[in-house]
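Here, residue 1 is the first one in the sequence, and each next residue gets the next number.
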Amino acid sequence: MTEKPWTGGVVSDRSTVLLCPNPGPMTLDGTNTWVLHSTSTDEVIVIDPGPLDETHLERVVTHVEELGARVALTLVTHGHFDHDEGVPHFLDRTGSPVRGAGRGEEFTDGERITLGDIDLRVLVTPGHTKDSVSFAWEDERLLLTGDTVLGRGTSIVAYPDGNLGSYLDSLDAMYAAASEGGLMLAPGHGPTAPEAAAVIDFYRKHRAERLDQVRAALADGASDADDVAQAIVEHVYADVPRSVWPAAKATVQAQLEYLGERS
């Protein structure tokens, strides 16, 4: 059965996804730009403006204007170009302050970001990248995960910026937050999911299975190859399209680093 395409739209009473038209093997249907609306002050927080696509960025501005609101804060979940490249243009257009991906005040785990009737809890969730963060909006039951957890498939942990040990710790922290709050998954790519905790638990089990597969590949002779990581990719990721093998290889390098630290 073909999976229904994700097109974004209204997610909850105070949140909307505007989908950037940049689909691809790594971006799925495109980048989710989240618009969180403070109805008490008619201000919005925009999360991940996306790449430098002026049509998309203007669509975000128009949507905010149609709400009768203004962009009071821009947040970036991490520094990959498909989330961050359009930020300078977006700030010029809106005059918004920004935090994330090396801009503005550094995030602190557990801090609260409050704007009108929006109250976000920051989860510092490195692993996919060193600078990855997530946000829990308990009032709307949303866990905004950037690329740390996707709405479809699994995220990469690409060496050297990605770190598998940090990533597994982040998944544990996110699972606790999602379970406690009964939160919906609100990812940076792909569709939402009603139970974030179930998706995160799948991620944890999937990572454990991949590590077992890597260990098996090493035992089967991959450890003797000239390019160990590539040999593992060809063994473990044989069913994955070759277009994403470079990303798979970077993930394998992160897995090897993780196993080496624990040997």
Do W137 and M184 have side chains that approach each other closer than 4.5 Å (heavy atoms only, starting at C-beta)? no

Which residues share a side chain to side chain contact (heavy atoms under 4.5 Å, CB included) with A229, sequence neighbours left out: D227, K249, V252, Q253, L256

Under 3.5 Å donor-acceptor pairs involving side-chain atoms of residues 190-202, not counting sequence neighbours:
unit_1: D201; atom_1: OD1; unit_2: R204; atom_2: NH2; d: 3.2
unit_1: D201; atom_1: OD2; unit_2: K205; atom_2: NZ; d: 3.3

When rounded to the nearest 0.5 Å, the distance separating CG of L120 from CG of L115 is 8.5 Å

Taking the side chain as every heavy atom from C-beta outward, state whether T77 and D147 have any pair of such atoms under 4.5 Å apart. no

For H128, ring-ring contact (aromatic ring centres under 6.0 Å, His included) partners two or more places apart: H78, H80

ring-ring contact (aromatic ring centres under 6.0 Å, His included) against Y203, all qualifying residues, sequence neighbours excluded: none

Quick one: side chain to side chain contact (heavy atoms under 4.5 Å, CB included) partners of N32, sequence neighbours excluded? W6, V17, L19, W34, P187

Using 0.5 Å steps for rounding, measure from the CZ atom of R59 to the CG atom of L18. 4.5 Å

From Y167 atom OH to S155 atom OG, the distance as rounded to the nearest 0.5 Å: 4.5 Å

Within this structure, what is the CZ-CG distance for the pair R141 and L143, rounded to the nearest 0.5 Å? 11.0 Å

Check side chain to side chain contact (heavy atoms under 4.5 Å, CB included) between P21 and all other residues, then give those that pass, not counting sequence neighbours. D53, H56

Residues two or more places apart in sequence or in another chain: which of them pass side chain to side chain contact (heavy atoms under 4.5 Å, CB included) with S223? L218

Tell me every residue that passes ring-ring contact (aromatic ring centres under 6.0 Å, His included) with F135, counting only those two or more places apart in sequence or in another chain. F107

Could you note down all residue pairs passing salt bridge (charged side-chain N to carboxylate O under 4.0 Å, His left out) where residues 95-116 supplies at least one of them, sequence neighbours left out? D84-R103, R99-E111, R112-D119, R112-E138

Is a side-chain N or O of T129 found less than 3.5 angstrom from the main chain of D161, in a donor-acceptor match? no

Suppose clustering is done on Ile, Leu, Val, Met, Phe, Trp and Tyr with side-chain heavy atoms closer than 4.5 Å. Which residues sit in the same group as V10? none

Does anything in residues 7-28 form a salt bridge (charged side-chain N to carboxylate O under 4.0 Å, His left out)? List the pairs, not counting sequence neighbours. R14-D117, R14-E140

Could you go through residues 62-75 and list every donor-acceptor pair under 3.5 Å that involves a side-chain atom there, pairing it with any protein atom two or more places apart or in another chain?
unit_1: T62; atom_1: OG1; unit_2: E58; atom_2: O; d: 2.9
unit_1: R70; atom_1: NH2; unit_2: E43; atom_2: OE2; d: 2.7
unit_1: T74; atom_1: OG1; unit_2: S96; atom_2: OG; d: 2.9

E209 and Q213: side-chain hydrogen bond (donor to acceptor under 3.5 Å, both in side chains), yes or no, with the steps? CA-CA 6 Å; E209 290 170 357; Q213 292 170 340; 5.9 Å; no

Are R215 and Q255 side-chain neighbours, meaning at least one heavy-atom pair lies under 4.5 Å? no

